[in-house]
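Worksheet for the structure shown next.
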Amino acid sequence: MYSEKVIEHFKNPQNVGSMPDADGEGSVGDPNCGDCLTIYVKIQDEIIVDISFLVFGCTASIATSSMTTVLAKGKSLGDALEITEQDIIDSLGGLPKEKQHCSNLGVGALRKAIQNYYENQRIADAHDDDGVP
Ligand code: FES
């Protein structure tokens, strides 16, 4: 059975929605169950000042995506990269064994979104250096 915390985040997920002006975004899918998640981040001074997600998936994937954004919001990029699947599961008061893989989506999408932010920064820096106004 699901914990109260999982049910709470499933019924009232935090930070849902797309973010058209995101500084980075990352998407992952699980080929076995077909669930997929996109996470968007807004970064200021290496801190995640805003984060949101869109998910197509099961109850646990909605709850784990929501908890991923709650854990990552306000964290430095370095600290956010250290969030693990187990952190998400523990923060939700546990997950049934067969649903633990759902937490992979949150960690994977968050890391991809941060990676995408760094890539966007590199592109922006390269444009700053090319002499083109
Ligand atoms: Fe695969 Fe939930 S069943 S992410």
Side-chain angles (χ1 to χ4, degrees):
M1 279 311 296
Y2 288 124
S3 70
E4 274 181 32
K5 204 79 180 160
V6 170
I7 300 295
E8 183 185 314
H9 278 265
F10 168 64
K11 285 186 172 169
N12 186 24
Q14 305 297 298
N15 307 304
V16 176
S18 63
M19 191 186 290
D21 61 343
D23 295 318
E25 70 177 74
S27 299
V28 290
D30 186 318
N32 292 318
C33 62
D35 291 3
C36 50
L37 166 68
T38 300
I39 284 184
Y40 306 89
V41 289
K42 193 96 192 136
I43 313 290
Q44 272 171 23
D45 299 328
E46 301 286 296
I47 303 286
I48 298 177
V49 293
D50 202 7
I51 182 166
S52 66
F53 75 95
L54 290 175
V55 69
F56 178 85
C58 66
T59 301
S61 70
I62 293 168
T64 53
S65 302
S66 172
M67 184 53 82
T68 302
T69 64
V70 168
L71 292 177
K73 197 169 190 172
K75 279 205 169 48
S76 69
L77 296 177
D79 286 348
L81 285 169
E82 288 182 8
I83 294 171
T84 65
E85 286 87 349
Q86 196 59 49
D87 293 333
I88 296 165
I89 292 168
D90 291 346
S91 300
L92 286 168
L95 276 177
K97 200 170 174 21
E98 68 278 12
K99 286 292 179 180
Q100 298 205 344
H101 78 274
C102 308
S103 62
N104 299 346
L105 292 180
V107 169
L110 177 62
R111 291 180 181 171
K112 275 193 172 182
I114 292 172
Q115 191 181 7
N116 179 239
Y117 162 73
Y118 283 127
E119 285 162 7
N120 291 340
Q121 287 294 106
R122 269 197 295 277
I123 292 167
D125 288 348
H127 281 302
D128 284 349
D129 292 344
D130 67 7
V132 178

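Start at 1 and go down the list; that is how both ligands and their atoms are numbered. No hydrogens, no waters, no symmetry mates; every other heavy atom, side chains included, goes into these values.
Side chains of Lys73 and Asp50 form a contact here, defined as non-hydrogen atoms less than 4.5 Å apart. At least one side-chain heavy atom of Glu46 sits under 4.5 Å from a side-chain heavy atom of Tyr117.
For atom 4 (S) of ligand 1, the closest non-hydrogen atom on the protein side is Asp35 OD2, 3.0 Å. Nearest protein heavy-atom neighbour of atom 2 (Fe) of ligand 1: Cys58 SG, 2.3 Å.
Counting only distance, with no hydrogens or angles, the side chain of Asp35 and the backbone of Cys58 share a donor-acceptor pair below 3.5 Å.
Residues Val70 and Ile43 are members of one and the same hydrophobic cluster, defined by side-chain heavy-atom contacts under 4.5 angstrom among Ile, Leu, Val, Met, Phe, Trp and Tyr. Under the 4.5 Å side-chain heavy-atom criterion for Ile, Leu, Val, Met, Phe, Trp and Tyr, Val16 and Val49 are members of distinct hydrophobic clusters.
Because the distance cut-off is set at 2.8 Å, His101 fails to qualify as a neighbour of atom 2 (Fe) of ligand 1, as none of its N, O or S atoms comes that close. At least one N, O or S atom of Cys33 sits under 2.8 Å from atom 1 (Fe) of ligand 1.
Interface of Lys99 with ligand 1, defined as ligand atoms under 4.0 Å from a residue heavy atom, comprises 3 (S). Of all the atoms in ligand 1, the ones that sit under 4.0 Å from a non-hydrogen atom of Leu105 are 4 (S). Listed by number with element, the atoms of ligand 1 under 4.0 Å from a non-hydrogen atom of Cys102 are 2 (Fe), 3 (S), 4 (S).
Atoms CD1 and CG, on Ile88 and Leu110 in that order, are 8.0 Å from each other to the nearest 0.5 Å.
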